[in-house]
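Okay, so here's the structure we're looking at.
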Amino acid sequence: MIRLLRSHLVYPLLAGERYKGIHKLCKNIRDFEDLPPQQQLDQQWINLKGLVQHAYDSVPYYREVMDAYGLQPAAIHNMDDYRRLPELTQHTIRNRKKDLLSTKFQMSELRPTNTGGTTSTPMTFYRDLASLGPKTALQCRLNAWSDYNLGDKALWMWGARFDFAEKPSWKWSMLEKYGFGMRYLPIEGMDDITLARFVDEMRQFRPKIIYGYSNLVDLFSQYVIRHQCDIPFPKAVICTAEQLGNTARQNIQKALQAPLHEHYGSREASMVAVDLDGKTGMRFHGTGCIAEFVPLQRTPKGWIARLLITDLLNQGMPFLRYNTGDCVLVQDSDLVAHTAFPKADKIQGRVQDNLVLSNGQLLPGLMVSNALAGYARDLISIQSVQVVQEAISQLTLRYVAGENEEITKKELDSLERLLRSVIHDQFQLSFEPMHELPRSSSGKYRVVVCKIPVAPIEHHIQEESSMASATSV
């Protein structure tokens with residue numbers, strides 16, 4: 001009853017920009033899911049053709065590109081034609097931002113948002129107001145696939161502070177907790193004091209859903225296991241924003257005793273993919289996007305492919321064939337499958353490391369990356385950074401910068417002060433200029449790289465798994 005009250009009254013009334021008409025929008029998505037597969041593809045193609053025509057008519061960048069490639073909308077008859085359109089990159093978005101805005105929208109009809117800066121310095125882009133409702137409905141629908149219904153009590157272990165009020169008033173905190181049924185746990189350093197506070201919150205709030213950054217939920221789970229905490233178990237755990245490794249999956253399932261799901265999204269496209277049962281891979285939802293897998297390398301487990309996303313919902317600043325910077329693991333059949341719900345075995349990337357402090361405690365790498373992402377918007381010379389921990393109390397700041405040495409020196413000094421304000425520990429910091437920061441096979445580089453062995457709790461679980469395997473043999 002309380003959940004229904006929240007979903008039908010509180011959310012639409014207090015957050016109408018995103019939740020007005022949410023139940024009708026969710027029904028539209030369910031209707032799409034119920035269509036026969038070919039009708040799903042037909043509807044998706046109609047939506048794509050309309051978006052391409054809109055982009056050609058009102059977005060200067062796309063008119064220029066389509067004319068140059070001889071790809072006017074009337075000449076695009078199938079996906080092979082559409083794939084002739086060049087990929088959209090973050091570099092292009094930064095340099096042609098104004099030309100990517102649709103002239104059919106006033107700035108008052110757009111809402112700005114920023115990337116998190118996990119692959120490079122953050123960038124700002126825009127969504128039109130009309131897209132916010134359908135995007136929210138799609139996320140609600142994907143949540144429902146993981147047994148998270150709108151209005152359920154949810155505890156968020158979230159790393160992006162700019163998604164929430166920095167210092168919310170007590171009224172807003174009460175509204176979030178009791179009105180929206182959501183409790184946000186701020187990340188201020190994952191020491192035992194903070195994790196103990198998380199345990200207390202679990203006991204008091206008794207959430208049905210744990211929703212959070214994979215790394216944070218893993219660290220919390222390790223604490224619960226280590227201290228044998230008595231906590232109320234949720235009905236589902238949803239991890240996102242970072243790659244969910246096998247060891248983290250074992251930790252979370254052991255500590256929280258609930259079905260574990262993994263969701264995929266990005267700032268640029270919003271939430272677009274979800275697993276169906278926690279083990280069958282990720283499925284991309286055809287009402288929100290068209291996902292393309294561009295093969296890079298065959299491996300014994302399948303193809304490593306680049307992930308391109310076309311956002312079907314945002315017309316204010318259309319992203320056609322956007323190169324996400326992520327890679328996926330797919331099988332031969334998934335590369336050629338004709339479906340509105342393409343499947344990837346695994347998202348490869350978004351690995352965030354932790355820093356090991358001199359007292360043995362862990363500092364989440366996302367705290368450092370979030371601080372750098374917020375600060376990087378004001379940098380002029382330095383383009384990309386990476387923090388590498390070779391040993392305890394020894395850090396290296398790798399960076400790519402322009403040719404102005406004086407500005408670079410000032411910005412490095414500022415970055416050092418920022419790191420020392422975030423990392424409350426004694427450490428030596430060295431600087432390493434680079435032409436390009438190294439990237440993993442996923443196509444992304446980690447903002448924080450720790451070369452110190454993982455925490456003992458993970459070794460313990462790995463040993464248990466090995467022993468179980470040996471016993472079964």
Side-chain angles (χ1 to χ4, degrees), residues 16-18 20-21 24-25 28-29 32 41-115 122-139 265-272 284-292 307-325 340:
E17 199 168 78
R18 293 179 57 201
K20 184 177 180 180
K24 182 178 180 181
L25 291 170
N28 292 342
I29 296 173
F32 178 86
L41 284 172
D42 292 343
Q43 184 59 57
Q44 191 183 55
W45 179 250
I46 291 172
N47 295 341
L48 176 61
K49 283 283 288 182
L51 180 65
V52 170
Q53 185 68 60
H54 165 79
Y56 184 80
D57 291 341
S58 69
V59 180
Y61 169 78
Y62 283 117
R63 176 177 285 273
E64 174 187 320
V65 168
M66 291 184 203
D67 284 346
Y69 279 75
L71 279 174
Q72 290 81 5
I76 298 177
H77 302 290
N78 50 48
M79 283 301 297
D80 287 337
D81 292 337
Y82 180 64
R83 293 189 187 102
R84 291 172 55 203
L85 193 70
E87 297 174 14
L88 179 67
T89 65
Q90 286 197 3
H91 177 79
T92 300
I93 295 171
R94 287 192 182 91
N95 288 277
R96 301 292 302 273
K97 184 186 303 181
K98 184 177 180 181
D99 293 334
L100 279 162
L101 292 171
S102 170
T103 57
K104 292 186 178 180
F105 293 88
Q106 301 293 324
M107 291 304 295
S108 61
E109 298 174 293
L110 302 175
R111 290 294 179 266
T113 189
N114 300 293
T115 63
M123 67 177 184
T124 301
F125 61 97
Y126 296 86
R127 297 190 181 113
D128 64 86
L129 279 173
S131 72
L132 301 183
K135 283 181 174 292
T136 302
L138 178 57
Q139 179 160 5
S266 66
R267 296 283 168 182
E268 299 91 321
S270 303
M271 203 63 66
V272 291
F284 291 80
H285 203 294
T287 61
C289 74
I290 290 177
E292 296 179 61
L307 175 61
L308 307 185
I309 291 290
T310 293
D311 185 344
L312 293 175
L313 300 177
N314 180 20
Q315 295 194 359
M317 191 174 189
F319 283 2
L320 307 183
R321 308 198 72 229
Y322 173 66
N323 185 341
T324 64

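Residue numbers start at 1 and run along the sequence shown.
Using cut-offs of 30° and 60° for the angle between ring planes, the Phe319 and Phe125 rings count as tilted.
Looking at heavy atoms from C-beta onward, Leu138 lies out of side-chain contact with Lys135 at the 4.5 angstrom threshold. Residues Asp42 and Trp45 have side chains not in contact (no heavy-atom distance under 4.5 Å, counting atoms from C-beta outward). With a 4.5 Å cut-off on side-chain heavy atoms, Leu41 and Gln44 count as touching. In this structure, Gln315 and Lys104 have side chains that are not in contact, with every pair of non-hydrogen atoms separated by 4.5 Å or more. In this structure the side chain of Arg127 never reaches within 4.5 angstrom of the side chain of Leu313, judged on heavy atoms. Residues Gln72 and Asp67 form a side-chain contact, since some pair of their non-hydrogen atoms from C-beta on lies under 4.5 Å apart. Residues Ile309 and Glu268 fail the side-chain proximity criterion, which asks for heavy atoms closer than 4.5 Å. Residues Arg18 and Leu132 are in side-chain contact: their nearest non-hydrogen atoms beyond the backbone lie under 4.5 Å apart.
Listed here is the closest heavy atom pair of Pro318 and Leu88: O-CD2, 4.4 Å. Here the closest heavy-atom approach between residue Asp128 and residue Ser131 is recorded as O-OG, 2.7 Å. Heavy atoms only, all atoms of each residue included: Leu48 and Thr310 are closest at CD1-CG2, 4.0 Å. Of all non-hydrogen atoms in Pro60 and Leu101, the two that sit nearest each other are CD-O, 3.8 Å. Summarising the geometry of Ile93 relative to Leu100, their closest heavy-atom pair is CA-CD1, 3.7 Å, with the distance given to 0.1 Å. Across every non-hydrogen atom of Met271 and Gly265, the tightest pair is SD-N, 3.5 Å.
Listed for the Thr287 side chain is no donor-acceptor partner under 3.5 Å among the backbone atoms of Ile29. Here the side chain of Glu87 pairs no donor or acceptor atom with the backbone of Asn323 at under 3.5 angstrom. The backbone N or O of Met317 lies less than 3.5 Å from no partner atom in the side chain of Ser102, so there is not a single donor-acceptor pair. A distance-only check finds no donor-acceptor pair linking the side chain of Asp99 to the backbone of Tyr61 [under 3.5 Å]. A distance-only check finds no donor-acceptor pair linking the side chain of Lys20 to the backbone of Gly133 [under 3.5 Å]. Counting only distance, with no hydrogens or angles, the side chain of Arg63 and the backbone of Tyr56 share a donor-acceptor pair below 3.5 Å. Side-chain N or O atoms of Arg321 include none that pairs as donor or acceptor with a backbone N or O of Leu308 at under 3.5 Å.
When each of Ile290, Leu85, Asp311 is tested with Leu320 by the rule side chain to side chain contact (heavy atoms under 4.5 Å, CB included), just one qualifies, namely Leu85.
Rounding to the nearest 0.5 Å gives a distance of 4.5 Å between CD of Glu292 and CE of Met79. To the nearest 0.5 Å, the span separating CE on Met107 from CD on Glu109 amounts to 10.5 Å. One finds the CG atom of Leu312 at 11.5 Å from the NE2 atom of His285 (value rounded to the nearest 0.5 Å). Note: Tyr69 OH to Glu64 CD = 10.5 Å, rounded to the nearest 0.5 Å.
Checked by atom type, the side-chain pair Thr89/His91 shows no donor-acceptor distance below 3.5 Å. Side chain to side chain, Asn314 and Tyr126 fail the donor-acceptor criterion of an N or O pair below 3.5 Å. For the residue pair Ser266 / Tyr322, no side-chain donor-acceptor distance below 3.5 Å is found, with atom types taken as modelled.
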Would you check, one step at a time, whether the test side-chain contact (heavy atoms from CB on, under 4.5 Å) holds for Lys49 with Ile46?
CA-CA 5 Å; Lys49 283 283 288 182; Ile46 291 172; 5.9 Å; no
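Residues satisfying the side chain to side chain contact (heavy atoms under 4.5 Å, CB included) test with Leu25, not counting sequence neighbours, are Asn28, Pro134, Ala137. Evaluation of the side chain to side chain donor-acceptor pair (under 3.5 Å) rule for Asn78 yields no partner, not counting sequence neighbours.
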